[in-house]
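One structure is given below, encoded as structure tokens.
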Protein chains: 2
Amino acid sequence: MGTVSKALSLLGHFNRARPQIGLSDMTRLSGLNKATVHRLLTELAEQGFVEQVGSGREYRLGPAFLRLAALREAAVPMREVSLKVLHELSAATGETAHLSLLQGDQLSTLAYAYSPVHGTRVTMEDAEVLNLHATSSGLAVLAFSPPDFVDKVLSAPLVAKTPDTITDPDQLRARLSAVRETGIAEYVGGFEEDVHSHAVPIFDATQSVIGAVAVAAPVARMNADLIATIRTEVKRCALDLTRLLGGFLPDGFNRENAA
Amino acid sequence: MGTVSKALSLLGHFNRARPQIGLSDMTRLSGLNKATVHRLLTELAEQGFVEQVGSGREYRLGPAFLRLAALREAAVPMREVSLKVLHELSAATGETAHLSLLQGDQLSTLAYAYSPVHGTRVTMEDAEVLNLHATSSGLAVLAFSPPDFVDKVLSAPLVAKTPDTITDPDQLRARLSAVRETGIAEYVGGFEEDVHSHAVPIFDATQSVIGAVAVAAPVARMNADLIATIRTEVKRCALDLTRLLGGFLPDGFNRENAA
DNA sequence: AACCAACGGTTCGAATAATGAGCCGATAAT
DNA sequence: ATTATCGGCTCATTATTCGAACCGTTGGTT
């Protein structure tokens with residue numbers, strides 16, 4: 001791995017539960033040498049990608065990201081576009097809709113929308129990270145990913161987020177081929193208990209999968225009617241999003257099922 | 001300069017006018033070797049910090065920033081950031097510094113900092129509300145607000161907080177165009193008597209004005225030297241704050257005056 | 001007070017990764 | 001057909017990065 005990748009991978013250890021990280025912790029998290037981590041953090045700090053908080057000398061994400069995210073959004077108004085579509089989707093289904101993008105071997109939630117119809121709902125947080133093997137979005141993405149990527153993901157240790165998480169690679173592969181048949185992925189309680197979700201992949205201009213749009217509802221509310229509505233709506237929404245973002249369906253994608 | 005800094009500095013060449021950059025252009029912009037730039041961009045792309053657009057093969061900022069900016073936002077509240085900057089500003093000027101944000105047709109003070117240098121000082125209270133027509137911060141904001149907003153504010157009854165408050169719309173408009181020229185607003189005794197203040201607007205990611213940072217001093221202490229110091233420092237501080245909060249100066253903003 | 005562990009940060013020879021001149025095939029303009 | 005640029009790639013040279021060990025400090029425990 002190159003030096004730049006090492007530096008950037010340090011940034012991936014920040015999350016909502018761990019917003020600032022000390023040098024020693026970062027050393028442990030990254031598996032790199034302490035001197036190396038220190039030098040990388042120093043360089044990241046010089047460019048405003050991390051900054052040190054006054055006492056304790058821990059590091060946190062820097063202000064540069066606000067600026068660059070604004071520029072990214074100005075160049076590619078993905079978030080704005082998807083929020084609009086997600087609102088429609090959550091309104092049509094009465095449930096929580098979200099869009100997550102593939103980043104490395106995880107999914108990162110870009111946007112989500114709630115429906116005001118029900119008091120109880122599946123809640124999301126900004127930039128939430130989803131596991132590929134534990135979510136319907138993950139299955140949707142994996143089903144249309146290159147085989148070697150799937151191999152890599154499934155050969156790594158698969159964490160059971162709940163008792164219902166599938167951690168057997170063969171079982172997962174069977175699910176993936178079902179997803180390829182129908183063009184839609186389904187998962188019950190794999191990431192959080194009592195959540196039943198459906199997801200459809202979205203693709204970029206090179207016909208590669210870049211993420212998935214999903215609708216998540218409480219298990220208790222899921223019935224045949226709702227399932228039928230969700231499947232129809234999430235498929236249409238995913239197709240819209242792929243098009244709005246300038247993407248194309250891959251040749252193998254089942255258009256009848258998709259539409 | 002280290003490799004990581006080189007890679008990160010490449011990202012700085014993206015802006016609104018130049019949202020995507022080809023390899024050769026980036027080579028010229030950065031002054032680095034083409035092979036080096038290519039390798040750095042490839043590594044940045046692997047981590048999602050840049051991505052290649054389908055045709056032309058140009059590079060643009062990647063989706064990773066959306067995620068990291070959301071985390072930064074969650075980790076570092078705006079108030080904390082501005083307090084740090086305001087402390088520096090009050091230390092550099094020896095006077096009271098404050099940041100106020102536009103809320104409706106008033107300004108609401110988000111944060112302020114005192115200097116310990118002088119026994120007498122201009123005092124603030126938390127979440128103090130300032131009138132747009134009676135304060136330097138207000139003039140700074142109005143000067144860079146949309147015309148219809150200015151019309152709305154100036155057509156409403158303008159309260160005279162002191163004998164020195166300007167309540168004549170035409171006179172205020174003249175002041176606003178002076179502010180646009182210089183990039184800094186000045187007001188003597190308009191909100192409280194014996195207070196002389198300077199303010200510079202700050203902007204958000206869409207280049208809209210969101211508030212102003214100001215330094216206020218007792219009239220008795222204001223002299224040519226102090227004015228020069230304040231004008232320099234408050235301009236620099238406002239620029240820093242705009243950047244720290246992820247904003248951009250509007251295209252018409254006089255950068256020479258701003259720096 | 002003495003001790004100790006953990007912290008952030010630094011040092012320096014050895015190991016590794018970055019560098020850059022030049023080449024390649026593709027594309028597009030002349 | 002020629003030429004100029006483009007993005008991308010190779011490889012010997014070289015500069016940078018790595019990492020075990022070492023500081024000085026802090027905070028807790030005995």
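Keep in mind that the numbers below use all heavy atoms, side chains included, and drop hydrogens, waters and symmetry copies.
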Please check if the distance between the ring centroids of A:Phe248 and A:Phe203 is under 6.0 Å. no
Report the relative orientation of the aromatic rings in A:Phe253 and A:Phe144; use parallel for angles under 30°, tilted for 30 to 60°, perpendicular for over 60°. tilted
Measure from the side-chain N and O atoms of A:Glu128 to the backbone N and O of A:Glu125, and report whether any donor-acceptor pair falls under 3.5 Å. yes
Rounded to whole Å, how long is the line connecting atom CD of B:Gln20 with atom P of D:dG7? 12 Å
Starting at atom CE of A:Met26, determine the distance to atom P of C:dG8, rounded to an integer number of angstrom. 11 Å
Rounding to an integer number of Å, can you tell me how far A:Leu32 CG sits from D:dA20 P? 12 Å
Apply side chain to side chain donor-acceptor pair (under 3.5 Å) to B:Ser208 and B:Thr206, showing your working. CA-CA 5 Å; B:Ser208 304; B:Thr206 70; 3.0 Å; yes
I want to check one thing: is the phosphate of D:dT17, taken as OP1 and OP2, less than 4.0 Å away from some side-chain N or O of B:Thr3? yes
Please produce a list of atom pairs where a protein N or O lies less than 3.5 Å from an N or O of nucleotides 9-14 of chain C.
{"unit_1": "C:dG9", "atom_1": "OP1", "unit_2": "A:Gln52", "atom_2": "NE2", "d": "3.1"}
{"unit_1": "C:dG9", "atom_1": "OP2", "unit_2": "A:Tyr59", "atom_2": "OH", "d": "2.7"}
{"unit_1": "C:dG9", "atom_1": "O6", "unit_2": "A:Lys34", "atom_2": "NZ", "d": "2.4"}

Grab the CZ-P distance between B:Arg39 and D:dA15 for me, whole Å please. 16 Å
Distance, nearest 0.5 Å, that separates CD1 of A:Ile166 from CG of A:Leu172: 5.5 Å
Name the closest nucleotide to the B:Ser24 side chain, picking from C:dT19, C:dC7, D:dC6. D:dC6
Measure from CG on B:Leu44 to P on D:dG7 and round the result to the nearest Å. 16 Å
Atom CD of A:Glu51 and atom C1' of C:dG8 are separated, to the nearest Å, by 18 Å
Rounded to whole angstrom units, what separation is found between the CG atom of B:Leu40 and the C1' atom of C:dA18? 9 Å
Determine, stepwise, if the pair B:Glu51 / B:Arg60 fulfils salt bridge (Lys or Arg N to Asp or Glu O under 4.0 Å). CA-CA 6 Å; B:Glu51 65 182 8; B:Arg60 68 180 175 202; 2.8 Å; yes
Mapping A:Val4 and A:Arg28 to their closest nucleotides on DNA chain C, which lands nearer the 5' end? A:Arg28
Pairing donors with acceptors under 3.5 angstrom, does anything connect the side chains of A:Thr135 and A:Ser137? no
Length of the line joining A:Leu41:CG and C:dG8:P, which is rounded to integer Å: 10 Å
